[in-house]
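Here the structure is laid out as structure tokens; the discussion comes afterwards.
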Protein chains: 2
Amino acid sequence: MGTYEWQSDVWDAMGDPTRRAIMERLAEHPSPVGELAEQLPVSRPAVSQHLKVLKETGLVSDETVGTRRVYRLNPVGVQALRDQLDMFWNRALANYESVVEEKAEEKEEK
Amino acid sequence: MGTYEWQSDVWDAMGDPTRRAIMERLAEHPSPVGELAEQLPVSRPAVSQHLKVLKETGLVSDETVGTRRVYRLNPVGVQALRDQLDMFWNRALANYESVVEEKAEEKEEK
DNA sequence: CGGCACCGTAAGTGCTAGCTTACTGTTCGT
DNA sequence: ACGAACAGTAAGCTAGCACTTACGGTGCCG
């Protein structure tokens with residue numbers, strides 16, 4: 001807690017399967033809303049609402065070109081997820097190693 | 001199948017705020033269910049249900065010691081998240097660089 | 001053995017959020 | 001300028017899920 005702002009919104013955003021599907025499409029290449037909706041089993045407004053969430057969390061950015069809006073992945077948001085995930089990763093390893101040490105101690109005591 | 005049937009379930013698991021709180025606690029150190037419930041604003045059965053989900057997705061592992069069950073982070077599950085996230089990360093960078101290239105081309109055309 | 005501590009499961013409930021349809025707002029082409 | 005294409009917003013409905021209480025099961029200790 002404290003000064004370290006916990007961006008839980010980013011995890012919430014990735015928690016929805018449709019939004020993850022959108023992220024996968026955008027990982028291929030930047031796309032306008034209509035093109036995304038065609039490749040997904042939901043309506044265009046639904047996609048639009050999901051993109052709003054993804055944009056608010058900083059996972060995607062948009063650019064208006066002509067009458068359409070092209071969305072693309074935002075490296076900043078993705079990096080934020082990586083940072084938090086690395087914390088879990090490091091500590092998961094620490095936990096695992098402590099288990100190994102305990103097992104080793106058990107053997108030594110024999 | 002079997003070992004690798006998750007993938008998307010892992011994100012769903014991390015989508016819930018309470019489960020993320022549990023993951024934070026387990027990142028500190030392994031804990032039994034009751035201890036986790038004391039530090040959270042939900043009942044013990046609720047924690048138990050969440051732990052079930054986290055275990056099914058491979059994010060945590062449990063060990064029965066006496067009458068209690070000690071849960072800890074599972075490096076394998078956390079690693080699964082990291083792998084998928086890295087895919088987004090690499091492609092997000094590719095998208096960004098393509099934008100930079102386009103901007104550069106625009107300047108050259110002038 | 002009997003009571004206790006710890007935990008998982010069952011059953012039921014309330015609320016969130018994702019979806020749809022309908023509407024409004026821009027921008028481009030003719 | 002008018003219609004078409006593209007997209008965001010509003011309102012409403014529904015399904016899923018996170019939570020609760022109640023219960024059943026297992027290992028520990030006096």
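In what follows, every chain begins at residue 1, and chains take the letters A, B, ... in the order their sequences are listed. The structure presented is a predicted model; accordingly, all values stated were derived computationally and were not measured. In what follows, every heavy atom counts, from backbone to side chain, and hydrogens, waters and symmetry copies are set aside.
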State plainly whether one hydrophobic cluster holds both [X] and [Y], where clusters connect Ile, Leu, Val, Met, Phe, Trp and Tyr through side-chain heavy atoms under 4.5 angstrom apart.
| X | Y | value |
| --- | --- | --- |
| B:Val10 | B:Ile22 | yes |
| B:Val78 | B:Val70 | no |
| B:Leu73 | A:Met87 | yes |
| A:Leu40 | A:Leu59 | yes |

Notebook entry, point to check: According to a strict under-4.0 Å criterion, is B:Ser48 in side-chain N/O contact with OP1 or OP2 of C:dT9?
Noted result: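 The answer is no; no side-chain N or O of B:Ser48 sits under 4.0 Å from OP1 or OP2.
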
Notebook entry, point to check: Is the shortest side-chain N/O distance from B:Arg69 to OP1 or OP2 of D:dT26 below 4.0 Å?
Noted result: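 Negative; the distance criterion is not met.
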
Note to self: As a check on the pairing definition, encode DNA chain D in dot-bracket form, counting Watson-Crick and G-U wobble pairs whose two distances are under 3.5 Å, and using | for partners outside this strand.
What the structure shows: ||||||||||||||||||||||||||||||

Next item on the list: Taking the side chain as every heavy atom from C-beta outward, state whether A:Leu85 and A:Trp89 have any atom pair closer than 4.5 Å.
Entry: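 They are not in side-chain contact.
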
Note to self: Going by side chain to side chain donor-acceptor pair (under 3.5 Å), name the residues that satisfy it together with B:Lys55, two or more places apart in sequence or in a different chain.
What the structure shows: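 With sequence neighbours excluded, B:Lys55 shows a side chain to side chain donor-acceptor pair (under 3.5 Å) to B:Asp62, given in chain and number order.
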
Check: For atom CZ of A:Arg82, is the number of surrounding heavy atoms from other residues, nucleotides or ligands below 6.0 Å larger than 12?
Finding: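 Counting other residues, nucleotides and ligands, CZ of A:Arg82 exceeds 12 neighbours.
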
Margin query: Quick check for you: among C:dG18, C:dC7, D:dG8, whose closest atom lies nearest to any side-chain atom of A:Tyr71?
Written below: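 My answer, after comparing the listed nucleotides, is D:dG8.
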
Note to self: By nearest atom, which of the nucleotides D:dA18, C:dC7, C:dG18 is closest to the B:Val33 side chain?
What the structure shows: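 Of the candidates, C:dC7 comes closest.
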
Round to the nearest Å and state the distance from [X] atom [atom1] to [N] atom [atom2].
| X | N | atom1 | atom2 | value |
| --- | --- | --- | --- | --- |
| B:Ile22 | D:dA18 | CD1 | C1' | 11 Å |
| A:Lys55 | D:dA7 | NZ | P | 14 Å |
| A:Asp62 | D:dC6 | CG | P | 18 Å |
| A:Leu36 | D:dA7 | CG | C1' | 12 Å |
| A:His50 | C:dA17 | NE2 | P | 12 Å |
| B:Glu35 | C:dC6 | CD | C1' | 13 Å |
| A:Glu56 | C:dA17 | CD | C1' | 14 Å |
| B:Leu54 | C:dC7 | CG | P | 16 Å |

Could you list the donor-acceptor pairs under 3.5 angstrom formed between side-chain atoms of residues 23-33 of chain A and any protein atom two or more places apart in sequence or on another chain?
| unit_1 | atom_1 | unit_2 | atom_2 | d |
| --- | --- | --- | --- | --- |
| A:Arg25 | NE | A:Gln39 | OE1 | 3.2 |
| A:His29 | ND1 | A:Ser31 | OG | 3.3 |
| A:Ser31 | OG | A:His29 | O | 3.2 |

Taking only N/O atoms, report every protein-nucleotides 20-22 of chain C pair under 3.5 Å with atom names and distance.
| unit_1 | atom_1 | unit_2 | atom_2 | d |
| --- | --- | --- | --- | --- |
| C:dT20 | OP2 | A:Ser43 | N | 2.7 |
| C:dT20 | OP2 | A:Ser43 | OG | 2.7 |
| C:dT20 | O4 | A:Gln49 | NE2 | 3.2 |

Atom pairs, N/O to N/O, protein against nucleotides 24-30 of chain C, distance under 3.5 Å?
none

Margin query: Has A:Arg20 got a side-chain atom pairing as donor or acceptor with A:Met14's backbone, closer than 3.5 angstrom?
Written below: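 A pair under 3.5 Å: yes.
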
Check: Does B:Arg19 use its side chain to pair, donor to acceptor, with the backbone of B:His50 at less than 3.5 Å?
Finding: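 Such a contact is absent between B:Arg19 side chain and B:His50 backbone.
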
Notebook entry, point to check: Under a 4.0 Å N-O cut-off, is there an ion pair linking A:Glu63 with A:Arg72?
Noted result: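 Yes, A:Glu63 and A:Arg72 are salt-bridged.
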
Note to self: For A:Thr67, give me all partners under side-chain contact (heavy atoms from CB on, under 4.5 Å), at least two apart in sequence or on another chain.
What the structure shows: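 Not a single residue meets the side-chain contact (heavy atoms from CB on, under 4.5 Å) criterion with A:Thr67.
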
